[in-house]
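Here is how names work: the chains are called A, B, and so on, in the same order as the sequence lines, proteins then strands, and each is numbered from 1.
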Amino acid sequence: MAVPVTKLAPDHGRGLGYETDLERIEIELLLEGVYRHYGFDFRSYAYASIRRRLLKRTEAEGLRNISELHARILHDTDAMELLLLDLSVNVTAMFRDPSFYREFRAQVIPLLRTYPFIRIWHAGCSTGEEVFSMAVLLEEEGLYDRTRIYATDINDMVLQRARQGIFPLDRMQEYTENYIRAGGTRSFSEYYTAKYDGALFAPTLSRNIVFSQHNLVTDRSFSEFHVIFCRNVLIYFDKALQNRVHRLFYDSLVMFGVMALGSKESLKFSQFESSYEKISATEKLYRKTH
Amino acid sequence: MTTAEAGYDLVLVGTSWGGLAVLRALVTALPLSLCMAVVLVQHRHRDSDHLLRTLLQEGTDLPVDEIEDKMALEQGRIYVAPPNYHTLIEPGHFSLSTEAPVRHSRPSIDVTFHSAADSYGARTVGVVLTGANDDGSDGLRRIVERGGLALVQDPATAESPAMPAAAIRAVPKARVMPLLDLVNFVASLPAGTPAREGR
Ligand SMILES: C[S@@+](CC[C@H](N)C(=O)[O-])C[C@H]1O[C@@H](n2cnc3c(N)ncnc32)[C@H](O)[C@@H]1O
């Protein structure tokens, strides 16, 4: 494929030293090793961020270089678990981007009211904050009883935490502000009880949620959905892998189903732009049109 | 080795909250014939909107974009790092990350500078302007290690001198200038790959 003249070319062999080239070899070998030994395929993740996290892990393990890290994780499953936690950046929040949830109420809820039964997929749900936020929203809109939410992640450890429905108490103030700005119609404290230093969310909220492990890179579609959330997950993939995963989402959405991306993600840089129409001027909400 | 030293492709500018006036001065001075990409990383509140982009666009006819994931890096454009994400630079495009804030900042100037140094090496210019912490120092050192250029606003002319002062301590060979000189200097930097023919 031709590179437009105006695009900046990478610094192939110019100015960059031996160290960077060698490091790239080490990283590629490590990712290959992880894939062949553990089955987790990070080979098409966005390079700069993978590199950053591998270097941090190397330092945290007190090792000198990525080859040493490679040897350790192949022989020590505990070290691999730690690496998996690092590679699968699990940072999340309840009602992250309140304006997104406000727009979801305004644009998507009316569409959902037309379905007798609603299936939603949260792909890359991490520790569940986003899923519980949506359960709260659907409850307030009177739609939760006819909804089933499938929440998946590559990382089983975060799913175990998500199933408990306990979130850090010290973030409840931030989440309460988010909830209000997201258009919440009740008092946020109705939904949880403080327990030690955790906020335990009412078990009734998770009555229609199924958490399960699913790898977007290697696993297939498992149903047809009316809404798919995949927010702040695709940013960790390179462009080719993003396109592959967009194909999976496209195949998993009903016609006129809604695709929700993170606020700085876009279908614009994917091959699927023309298969969807934007349903919001400000948020990354798209509807499958053909 | 070819003549990478001949010019630059990428200018990265770091400043903390309160850096609007300096950023505005900088973009206003950039010539329309700019053959580099300029990436601005400013600390700001996680829910801040597109106001920064809008205010900067008012100061220049060069296009100003707020970065989205996988957006292409092109010459003659100005890019603003979005709040609440780290901006990483890959060869030819941006990638975003929600990794934890680095020393309380997301975007972290260090993260962007580091990844740019590793992708663009000697064709990178790092600029540290007014700011109230020491973000950017570490990344600026990386840029210089990779053969790139370091520019720092003279702390005496900065509204908050801490960030430029820290950058000078970390990179003693950085070129230190008052804002106006620095802005003109950036505007006159030679581009690395003007009118590239295919590769
Ligand atoms: C930054 S979190 C996003 C959480 C939430 N969606 C949000 O926006 O707040 C990214 C999540 O993607 C998951 N992830 C990364 N690679 C994945 C893959 N191949 N398949 C499924 N999930 C993946 C990570 O484990 C992590 O929990």
request  = Nearest 0.5 Å please: distance from the CG atom of N232(A) over to the CG atom of D69(B).
outcome  =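 It is 9.0 Å, given to the nearest 0.5 Å.
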task = Kindly compute the distance separating OG1 (T282(A)) from NE2 (H50(B)), expressed to the nearest 0.5 Å.
result = 8.0 Å
key: Side chain proximity check, H114(B) to L55(A), heavy atoms < 4.5 angstrom   = no
query = Do R52(A) and V102(B) come close enough that some side-chain heavy atom pair is under 4.5 Å?
reply =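 Yes, their side chains come closer than 4.5 Å.
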[X] atom [atom1], over 12 foreign heavy atoms within 6.0 Å:
X       : atom1 : answer
R161(A) : CZ    : no
Q107(A) : CD    : yes
E28(A)  : CD    : yes

ask   = Looking just at side-chain N and O atoms, do T98(B) and Y236(A) make a donor-acceptor pair shorter than 3.5 Å?
value = yes
Minimal non-hydrogen separation, E99(B) against S49(A), with atom names = OE2-OG, 4.0 Å
request  = State, to 0.1 Å, how close R51(A) and R142(B) come at their nearest heavy-atom pair, and which atoms those are.
outcome  =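 That would be NH2-NH2, 3.1 Å.
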ask   = Has the side chain of K70(B) got a donor or acceptor atom that lies under 3.5 Å from a matching backbone atom of D238(A)?
value = no
query = Which answer fits T92(A), side chain, backbone, both or neither, if we ask what part of it has an atom under 4.5 Å from a heavy atom of chain B?
reply =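 Neither part, no heavy atoms under 4.5 Å.
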task = With a 4.5 angstrom heavy-atom cut-off, could you sort out which part of F269(A) is near chain B: side chain, backbone, both or neither?
result = side chain
ask   = Do you know which of I67(B), N84(B), I89(B) has the most heavy-atom pairs under 4.5 Å to chain A?
value = N84(B)
Residue among S97(B), S95(B), S115(B) with most heavy-atom pairs under 4.5 Å to chain A =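 Top option by heavy-atom pairs under 4.5 Å: S97(B).
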task = Start with the C-alpha gap between R106(B) and V91(A), add the side-chain angles, then the distance that decides, and say whether side-chain contact (heavy atoms from CB on, under 4.5 Å) holds.
result = CA-CA 12 Å; R106(B) 191 171 60 199; V91(A) 181; 3.8 Å; yes
inquiry  = Heavy-atom cut-off 4.5 Å, strictly under: side chain, backbone, both or neither for L96(B) against chain A?
reply    =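 For L96(B), the contact with chain A is made by backbone and side chain together.
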side-chain contact (heavy atoms from CB on, under 4.5 Å) assessment of Y47(A) paired with S119(B) = CA-CA 10 Å; Y47(A) 184 76; S119(B) 296; over 6 Å; no
ask   = Hey, are K239(A) and E90(B) close enough for a salt bridge, meaning a charged N less than 4.0 Å from a carboxylate O?
value =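 Judged by the 4.0 Å cut-off on N to carboxylate O distance, K239(A) and E90(B) do not form a salt bridge.
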